[in-house]
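FYI, side chains are in, hydrogens and waters are out, and symmetry mates aren't considered; it's all heavy atoms of this structure.
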There are 2 protein chains.
Amino acid sequence: MTAEFQIEPRFRANQSGLRLTHEALPANPLSDLFAMTGATLRLARNEELYGEDEPAEYAYQVVSGTVRTCRFTADGQRQIVAFHRKGDVLGLGIGNTHRFAAEAVTDATVLMVRRSAVLAAAARDVAVSRALWEHAAAENARAEEHSLLLGRRSAGERVASFLLDSASRSEDGIVELPMSRQDIADYLGLTIETISRTLTQFERDRLIRMQSARRIGLASGSALKQLARGA
Amino acid sequence: MTAEFQIEPRFRANQSGLRLTHEALPANPLSDLFAMTGATLRLARNEELYGEDEPAEYAYQVVSGTVRTCRFTADGQRQIVAFHRKGDVLGLGIGNTHRFAAEAVTDATVLMVRRSAVLAAAARDVAVSRALWEHAAAENARAEEHSLLLGRRSAGERVASFLLDSASRSEDGIVELPMSRQDIADYLGLTIETISRTLTQFERDRLIRMQSARRIGLASGSALKQLARGA
DNA sequence: CGGCGGCTTGATCGGTCTCAAGTACGGTGG
DNA sequence: CCACCGTACTTGAGACCGATCAAGCCGCCG
């Protein structure tokens, strides 16, 4: 929640440059740009990466941890637009200001690159330009699916979808949730109590097994899928 | 924190240029491509332009009328993702199939161009490539605003936002709605009855004046804006 | 002028929110 | 290692908003 984040001391080129050895990020021109020219920035849990309507000088790629983009409404409610995980790029819209705030859900590490550098690279290199388009189109698809999820679907359907989406990133059937119930609620357009009750109900119905609040085993993926589809 | 989302996102990319006149479509490489190489296609009201999961061979630009993109859920509910009006381009996502169906809300005319031709032009010409990115980014902004609208906002807030968004396309304070109440309901994640009741309430509160069901005068734009923000 | 689709209005129901306690957990210091 | 604390999560009771079910009404086009 700090107002200003300090870029100066950490803002030196990441000259390790080549590949993070373990678990490489998918190779594409955009990721390459970050890997080669990005400066590393560390964020503490709940620290703000940038604020809403702030001039958009940099774009970011998540290296570790989870980042949320969100907006606050007049009446103080928070709505979460998206969660960004390893490899995800954020801050790359059109317009000169960020349309949402970005905050660290957990301690996180991101790479930062000047947006002008990205645009310059795109103007020079069609491959970068295409990667930029693909990134925007993928973001768009994600946003559209999210808006479909919020339009007239029950709490059960939303939570089931969320769990399945989270599960799609893990190998086994165990979902690690880096975010709080409040984060989930603000993402799904529900309240914290409803999230909690719905998960409890899922457990009663043997659809999931909660090893802890943030560690959930999917006992019946197919039943969840059915639920998510609005059966 | 001003009513940023009332600015029609696709107009942003156009702000450098002149004001849209009644006739002219915004001048940009993508529109040029449609204007020069597009074939004209006429659609009757409710006619399908393409279906969900259909191979995506063409992209389209609306010349006249209104087109909706939508999806049908397992339980038969329809959810409308977006309304597309004159100048809007649809069918240009990544992936080989259309992720939604597209149908004519009113009788409509569209231009169609092969997606492969668009991609080829983008690979050749950086200006086209950039236009493609800007289109995707603008669509993304629109989708994100839509998902924010659907997350935990009251019926009044949703309808007020919808009216203001519609009004942003007309000079005077008169909104012409090309779509039915059912269309609006499926777009806002509400029922047809709730739309109707909310509009009636707005009229009672002297926020709007319904000249007919599809022709609505905004009597107090500022009060509506306040409502839309979640006052 | 008659019929039909689209819109409005009314009564009731149900799901989710709200308010209010309780409980488990992770972290910290003794 | 344990006691403590604060935060996060769960659970309960009741209220409220929008959905549902059910008529009516309007306007449009034949």
Side-chain angles (χ1 to χ4, degrees), chain A residues 1 44-46 68 73 75-79 105-107 149-160 162-163 175-205 208-216 227 230, chain B residues 44-46 68 73 75-79 105-107 149-163 175-205 208-216 227 230:
Chain A
M1 287 286 190
R45 189 172 121 89
N46 287 328
R68 62 178 172 249
T73 55
D75 53 347
Q77 284 190 32
R78 185 185 64 169
Q79 302 190 263
V105 171
T106 61
D107 289 353
L149 185 60
L150 299 186
R152 213 131 131 47
R153 331 267 325 163
S154 71
E157 289 165 2
R158 298 184 198 200
V159 174
F162 178 76
L163 287 177
V175 180
E176 293 277 359
L177 299 175
M179 71 289 287
S180 70
R181 295 288 188 267
Q182 187 65 61
D183 286 328
I184 300 173
D186 292 346
Y187 180 67
L188 295 180
L190 298 167
T191 58
I192 182 177
E193 294 96 331
T194 298
I195 302 294
S196 189
R197 276 189 250 270
T198 304
L199 288 172
T200 302
Q201 189 57 48
F202 281 180
E203 181 152 50
R204 255 188 231 119
D205 298 346
I208 62 173
R209 281 191 55 211
M210 281 197 266
Q211 309 185 355
S212 77
R214 305 242 181 143
R215 201 179 156 76
I216 298 180
L227 246 180
Chain B
R45 188 171 119 90
N46 288 328
R68 62 178 173 250
T73 56
D75 53 347
Q77 284 190 33
R78 184 184 65 169
Q79 302 190 260
V105 171
T106 61
D107 290 354
L149 186 60
L150 299 185
R152 213 132 132 45
R153 331 266 329 158
S154 72
E157 289 165 1
R158 298 184 200 200
V159 174
S161 290
F162 179 76
L163 288 176
V175 179
E176 293 278 358
L177 298 175
M179 70 291 286
S180 70
R181 295 288 187 266
Q182 188 64 62
D183 285 327
I184 300 173
D186 291 346
Y187 179 66
L188 295 181
L190 297 168
T191 59
I192 182 177
E193 293 96 332
T194 298
I195 302 293
S196 189
R197 274 188 251 271
T198 304
L199 287 173
T200 303
Q201 189 58 49
F202 281 180
E203 181 152 51
R204 256 188 230 120
D205 298 345
I208 62 172
R209 282 191 53 211
M210 280 196 267
Q211 309 186 356
S212 77
R214 304 251 181 135
R215 201 179 155 77
I216 298 181
L227 247 179

Got a list of side-chain donor-acceptor pairs under 3.5 Å for residues 188-197 of chain B, not counting sequence neighbours?
unit_1: B:T191; atom_1: OG1; unit_2: B:T194; atom_2: N; d: 3.3
unit_1: B:T191; atom_1: OG1; unit_2: B:T194; atom_2: OG1; d: 3.1

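More than 12 heavy-atom neighbours from other residues, nucleotides or ligands sit within 6.0 angstrom of CZ on A:R214. No more than 12 heavy atoms of other residues, nucleotides or ligands shown are found within 6.0 angstrom of CZ on A:R209.
Judged by distance alone, with hydrogens and angles left aside, the side-chain atoms of B:E203 form no donor-acceptor pair with the main-chain N or O of B:T200 at under 3.5 Å. Formation of a donor-acceptor pair under 3.5 Å by the A:Q79 side chain with backbone atoms of B:G151 is found in this model. With hydrogens and angles disregarded, no donor-acceptor distance shorter than 3.5 Å links the side chain of B:R158 to the backbone of B:Y187.
In this structure, B:S154 reaches the sugar-phosphate backbone alone: every heavy-atom distance under 4.0 Å involves primed, P, OP1 or OP2 atoms, never a base. Counting non-hydrogen atoms under 4.0 angstrom, A:M210 reaches the backbone sugars and phosphates but no base. B:R158 comes within contact range of no nucleotide atom at all, as no heavy-atom separation falls under 4.0 Å. Note on B:R45: only backbone sugar-phosphate atoms sit closer than 4.0 angstrom, heavy atoms only; bases stay farther off.
Checking each of B:V175, B:L177, B:T198, B:L149 against B:F162 for a side chain to side chain contact (heavy atoms under 4.5 Å, CB included) leaves exactly one that passes, namely B:L177.
Taking the nucleotide of DNA chain C with the nearest heavy atom to each of B:T200 and A:Q77, the more 5' of the two is matched to B:T200. Positionally, the nearest nucleotide of DNA chain D for A:Q182 lies more toward the 5' end than for the other of A:R152 and A:Q182.
Separating the CD atom of B:Q201 from the C1' atom of D:dC17 is a distance of 13 Å, rounded to the nearest angstrom. Per the geometry, CG belonging to A:L199 stands 17 Å off P belonging to D:dA8, to the nearest Å. Atom CZ in A:F202 sits about 15 Å away from atom P in D:dT11, given to the nearest Å. In this entry the distance linking CZ of B:R153 with C1' of D:dC17 reads 15 Å, nearest Å.
Residues B:M179 and B:R68 have side chains not in contact (no heavy-atom distance under 4.5 Å, counting atoms from C-beta outward). Between B:L199 and B:M210 there is a side-chain heavy-atom pair separated by less than 4.5 Å.
Taking five base pairs at each end of the helix from C:dC1-D:dG30 to C:dG30-D:dC1 and finding the rotation axis that steps the C1' atoms of four pairs onto the next four gives two axes whose angle is 40°, to the nearest 10°.
Of all the residues in residues 183-198 of chain B, B:G189, B:L190, B:T191, B:E193, B:T194, B:R197 reach under 4.0 Å from DNA chain D with at least one non-hydrogen atom.
Scored by the side chain to side chain donor-acceptor pair (under 3.5 Å) test, A:D107 finds no partners at all (sequence neighbours excluded). With sequence neighbours left out, B:R78 forms a side chain to side chain donor-acceptor pair (under 3.5 Å) with B:D183, B:D186.
Interface limits on DNA chain C: the 5'-most and 3'-most nucleotides within less than 4.0 Å of chain B heavy atoms are C:dG6 to C:dT18.
The side chain of A:R181 contributes no N or O atom lying less than 4.0 Å from OP1 or OP2 of D:dT11.
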